[in-house]
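Before any comments, here is the structure.
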Amino acid sequence: MAGSTEVPYLLRAARGEVLDRPPVWMMRQAGRYMKAYRDLRDKYPAFRDRSEKIELAIEISLQPFKAFAPDGVILFSDILTPLPGIGIDFDIIESKGPIIDPPIRTQAQIDALHPLNPAESLPFIRTILQSLRSEVGNKATVLGFVGAPWTLAAYAIEGKSSKDYTVIKSMAFTEPAILHQFLGKLAEAIATYVRYQIDSGAQVVQMFDSWAGQLSPQDYETFALPYQQQVFKQVKATHPDTPLILYINGSAGLLERMSKSGANIVSVDWTVDMAEARQRLGSGIGVQGNLDPCALFGSKEFIRDRILETVRKAGKGGHILNLGHGVLPPTPEENVAFFFETAKSL
């Protein structure tokens, strides 16, 4: 790509360029709030069909792009997608979420895991990302994403979503050596998976450590941060120019520590003021977020005010406009459209 005008807008911002307006996309922008998605879901009720069958995953990834023209198009997938490739199978039950049965609880189970070979176990990811790149051209940046070691371990050990994470925390506090082995194996697999996504066409990759916000700062430094660092370091060694984003739900108490992860951009939720987040993360780290997803239930004036306030507080450069978490299923589609229109007219 010759001139910087040919580099997609979000990628330019992620690399630190100062632009006329912040680029914009939404976490979970492909999904249940869209009628087009619900219609497809009724036809193909199994989640893994929608995320692993090439034509379906491409169509779903592009639904918000065709409707709202966001600056980022994210691969429609799940953070658990690579797990079967290392020997952990899962299912996703509508309204219940992911189920891993049997959960991973013993040394023997961890010993039985094998390294990830994505070309073998995840060939559909390559085709989906390549197709998205050719479909959107330079009109949007194609984002890949992965789960972080702690969060994937939490799903695998709990066996499902959890409110208090007693099983994995009990393991962390009584059998830390076993958990560290598991986290190390997951970090290897995730680093391989990030590289594979980049080689397949992802221009920016976001890591979701959704449940790391459930950890105390000292436990974050022991069980989450070192493995985020391991993944990012391995990826940077081979793909130094690909911007990496880190998102943690409930991260207000961890921001300074997140800045040590190796991520180029930290995506913040809505529990922290954006200007304070900027200050606490320090210079050299970009920010993404941090609009409360429920703001999209407000009036158009309210939504506009919240966008303007976030953009003002984030300051010039190194900011990607987004929600502080995924867009919620009951969100009115016209409010999502208004969010994108407003953001792009700044």
Side-chain angles (χ1 to χ4, degrees), residues 7-16 23-30 51 57-58 61 65 70-83 85 116 118-119 121-133 136 140-152 186-210 212 224-225 227-249 251 258-259 261-268 285-289 318-320 322 326:
V7 178
Y9 203 73
L10 189 147
L11 182 55
R12 290 169 61 193
R15 287 177 176 166
V24 59
W25 68 283
M26 263 185 202
M27 291 189 264
R28 291 199 193 137
Q29 65 188 12
S51 63
I58 293 167
S61 304
F65 177 66
D71 294 304
V73 170
I74 189 162
L75 163 77
F76 182 75
S77 184
D78 192 83
I79 59 173
L80 304 185
T81 296
L83 289 184
L116 184 70
S121 59
L122 301 161
F124 52 90
I125 293 290
R126 168 156 283 175
T127 314
I128 295 163
L129 283 167
Q130 284 173 339
S131 306
L132 291 176
R133 274 296 288 280
V136 305
T141 299
V142 172
L143 295 120
F145 75 94
V146 296
W150 168 264
T151 291
L152 292 187
L186 287 170
E188 285 294 324
I190 294 160
T192 300
Y193 186 36
V194 176
R195 288 199 194 108
Y196 182 70
Q197 289 192 10
I198 298 168
D199 291 341
S200 303
Q203 295 161 292
V204 175
V205 178
Q206 176 156 321
M207 179 193 278
F208 287 85
D209 208 348
S210 314
L225 180 61
Y227 299 100
Q228 296 165 358
Q229 289 169 330
Q230 185 182 331
V231 174
F232 288 149
K233 194 175 170 188
Q234 288 187 14
V235 173
K236 292 276 182 209
T238 53
H239 299 75
D241 300 327
T242 302
L244 303 170
I245 306 173
L246 175 62
Y247 173 77
I248 296 178
N249 193 23
S251 60
M258 288 172 78
S259 71
S261 64
N264 304 91
I265 296 159
V266 167
S267 191
V268 289
I285 291 200
V287 284
Q288 177 179 273
H319 173 223
I320 297 169
N322 205 321

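Computed from heavy atoms alone, side chains included, the values below leave out hydrogens, waters and symmetry copies.
Panel note: side chain Arg195, backbone Gln234; a donor-acceptor pair is recorded below 3.5 Å. Panel note: side chain Ser210, backbone Asn249; no donor-acceptor pair is recorded below 3.5 Å. Although no hydrogens or angles enter the test, the distance criterion places a donor-acceptor pair under 3.5 Å between the side chain of Ser131 and the main chain of Thr127. Panel note: side chain Gln29, backbone Gly72; a donor-acceptor pair is recorded below 3.5 Å. In this structure, the side chain of Gln229 does not engage the main chain of Ser261 through any donor-acceptor pair within 3.5 Å. Under a 3.5 Å cut-off, the side chain of Thr81 and the backbone N or O of Ser77 do not form any donor-acceptor pair. Not one N or O on the side chain of Gln203 forms a donor-acceptor pair closer than 3.5 Å with the backbone of Leu143.
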side-chain contact (heavy atoms from CB on, under 4.5 Å) between Trp25 and Gln288, worked out: CA-CA 10 Å; Trp25 68 283; Gln288 177 179 273; 3.1 Å; yes
Verdict with supporting geometry, Val231 and Val194, side-chain contact (heavy atoms from CB on, under 4.5 Å): CA-CA 8 Å; Val231 174; Val194 176; 4.2 Å; yes
From CA spacing to verdict: side-chain contact (heavy atoms from CB on, under 4.5 Å), Asp199, His239: CA-CA 9 Å; Asp199 291 341; His239 299 75; 2.8 Å; yes
Ile245 vs Phe145, side-chain contact (heavy atoms from CB on, under 4.5 Å): CA-CA, chis, key distance, verdict: CA-CA 9 Å; Ile245 306 173; Phe145 75 94; over 6 Å; no
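Side-chain contact between Leu75 and Ile128 is present, with heavy atoms from C-beta onward closer than 4.5 Å. Counting heavy atoms from C-beta outward, Ile79 and Val146 have side chains that stay 4.5 Å or more apart. A 4.5 Å side-chain heavy-atom check between Ile320 and Leu10 finds at least one atom pair inside the cut-off. Considering only heavy atoms from C-beta on, Thr242 stays 4.5 Å or farther from Val235 through its side chain. Under the 4.5 Å side-chain criterion, counting only non-hydrogen atoms from C-beta, Val136 is in contact with Val142.
Side-chain contact check for Gln228 and Trp150: no donor-acceptor pair (N or O, by modelled atom type) lies under 3.5 Å.
Nearest approach of Leu116 to Ala189, heavy atoms of both residues: CD2-O, 3.4 Å. Between Leu132 and Ser61, the shortest heavy-atom distance links the atoms CD2-CB, 3.7 Å. Contact detail for Ala263 and Leu246: the closest heavy-atom pair is CB-CB, 3.8 Å. Closest approach of Met207 and Ala148 over heavy atoms only: SD-CB, 3.4 Å. Minimum heavy-atom separation, Pro118 to Thr192: CD-CG2, 3.6 Å. Residue Ala140 comes nearest to Pro70 through the heavy atom pair CB-O, 3.8 Å, listed as atom of the first residue, atom of the second, then distance.
Rounding to the nearest 0.5 Å places OG1 of Thr151 at 10.5 Å from CZ of Phe208. Distance check: Tyr193 OH to Ser121 OG gives 9.0 Å after rounding to the nearest 0.5 Å. In this structure, CD1 on Ile190 lies 8.0 Å from CG on Leu83, to the nearest 0.5 angstrom. Atom CG of Leu152 sits about 6.0 Å away from atom CG of Leu186, to the nearest 0.5 Å. Once rounded to the nearest 0.5 Å, the distance linking OG of Ser267 with CG of Asp209 reads 12.5 Å. In this structure, CG in Asp71 is found 12.0 Å from CE in Met26, a value given to the nearest 0.5 Å.
Applying the side chain to side chain contact (heavy atoms under 4.5 Å, CB included) test to Lys236 and every residue at least two apart in sequence or in another chain returns Leu244, Asn264. With sequence neighbours excluded, the residues satisfying side chain to side chain contact (heavy atoms under 4.5 Å, CB included) with Arg15 are Val7, Leu11, Pro243.
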